[in-house]
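The figures that follow rest on heavy atoms only: side chains count, while hydrogens, waters and symmetry mates do not. Everything numeric here is computed off the predicted structure, so don't read it as measured data.
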Amino acid sequence: MTKHLRILPLLLLFFGALFGALAPTTGVIYALSCAVQPSAPEEYDRSTLVFRGIAEEKSGDETFTFRTVHTWKGPDEQQFEVRVSSWIPITLGDEYLVYAAEADRVLTAHLCGRTGLWSAATEDRVFLPAPLHTFDPAAETPMSSLARTLLGASLVIALLVVLRVYSLRSRKKRTKR
């Protein structure tokens, strides 16, 4: 065995022992930088929109429409469209506490935040102040812009059909005279 091959295991042992002795002083290491969830007050402070809502519709990969029940921070809206990471499981029909802020002009739930099921938000419920806006969750959901467009188009088509039938009948009456 050469001299260099005998020194290599000794060097590895030395550096392993050195690393083992210094590693505990470096603190806790997590796989994600957001492994420690912020407290309810911290999450509330960093959010521009905080509301309790029912997930009603999913559009695209990560955008959900929530029907608002209570709003603590943000505008007086009956529904919000919020981008939610696929890491946060959302089930349509369930009620959620959503903390969000605007990112690239889109309301986005914080990736490492406290957005989750309302029933599991016990710490948040204790912290949150009285809501600024409250809506009746049983109230009828406002129509989406697509639904309004389809309804308007249907009414225009129905009106055109009625006018066409009227013009055909008028023409028949004139030709009989």
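Distance check: E57 CD to Q79 CD gives 8.0 Å after rounding to the nearest 0.5 Å. Taken from CG in L128 to NE2 in H70, the straight-line distance is 10.0 Å, to the nearest 0.5 Å. To the nearest 0.5 Å, the span separating OG1 on T71 from CZ on R52 amounts to 11.5 Å. In this structure, OG on S85 lies 13.0 Å from NE2 on H110, to the nearest 0.5 angstrom.
S119 pairs by the side-chain hydrogen bond (donor to acceptor under 3.5 Å, both in side chains) definition with nothing, not counting sequence neighbours. Partners of E42 under the side-chain hydrogen bond (donor to acceptor under 3.5 Å, both in side chains) rule, at least two apart in sequence or in another chain, are S39.
Ion pairing between a basic and an acidic side chain is recognised when a charged N comes within 4.0 Å of a carboxylate O; E102 and R105 show no such pairing.
When hydrophobic residues (I, L, V, M, F, W, Y) are linked wherever their side-chain heavy atoms come within less than 4.5 Å, the members clustered with F66 are L49, F51, F64, F80, V82, V84, I88, I90, L92, Y96, V98, L107, L117. Residues near V126 contribute nothing to a hydrophobic cluster around it, because no ILVMFWY side-chain heavy atom sits closer than 4.5 Å to its side chain.
For the pair T115 (side chain) and Y99 (backbone), a donor-acceptor distance under 3.5 Å is present. A donor-acceptor pair under 3.5 Å is formed between the side chain of T108 and the backbone N or O of V106.
For residues 68-80, there are no salt bridge (charged side-chain N to carboxylate O under 4.0 Å, His left out) pairs, not counting sequence neighbours. Within the structure, salt bridge (charged side-chain N to carboxylate O under 4.0 Å, His left out) pairs that include any residue of residues 108-135 comprise R114-E123, R114-D124 (at least two apart or interchain).
In this structure, the ring of Y44 has its center less than 6.0 angstrom from the ring center of F127.
With a 4.5 Å cut-off on side-chain heavy atoms, Q37 and C112 do not count as touching.
There is no side-chain donor-acceptor pair under 3.5 Å between H133 and T68.
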**OP:** Give the C-alpha distance, both sets of side-chain angles, the deciding distance and a yes or no for side chain to side chain contact (heavy atoms under 4.5 Å, CB included) between W87 and L111.
**Re:** CA-CA 8 Å; W87 286 19; L111 175 61; 4.2 Å; yes
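With W118 as the fixed residue, the side-chain contact (heavy atoms from CB on, under 4.5 Å) test singles out one of I54, V69, L97: L97.
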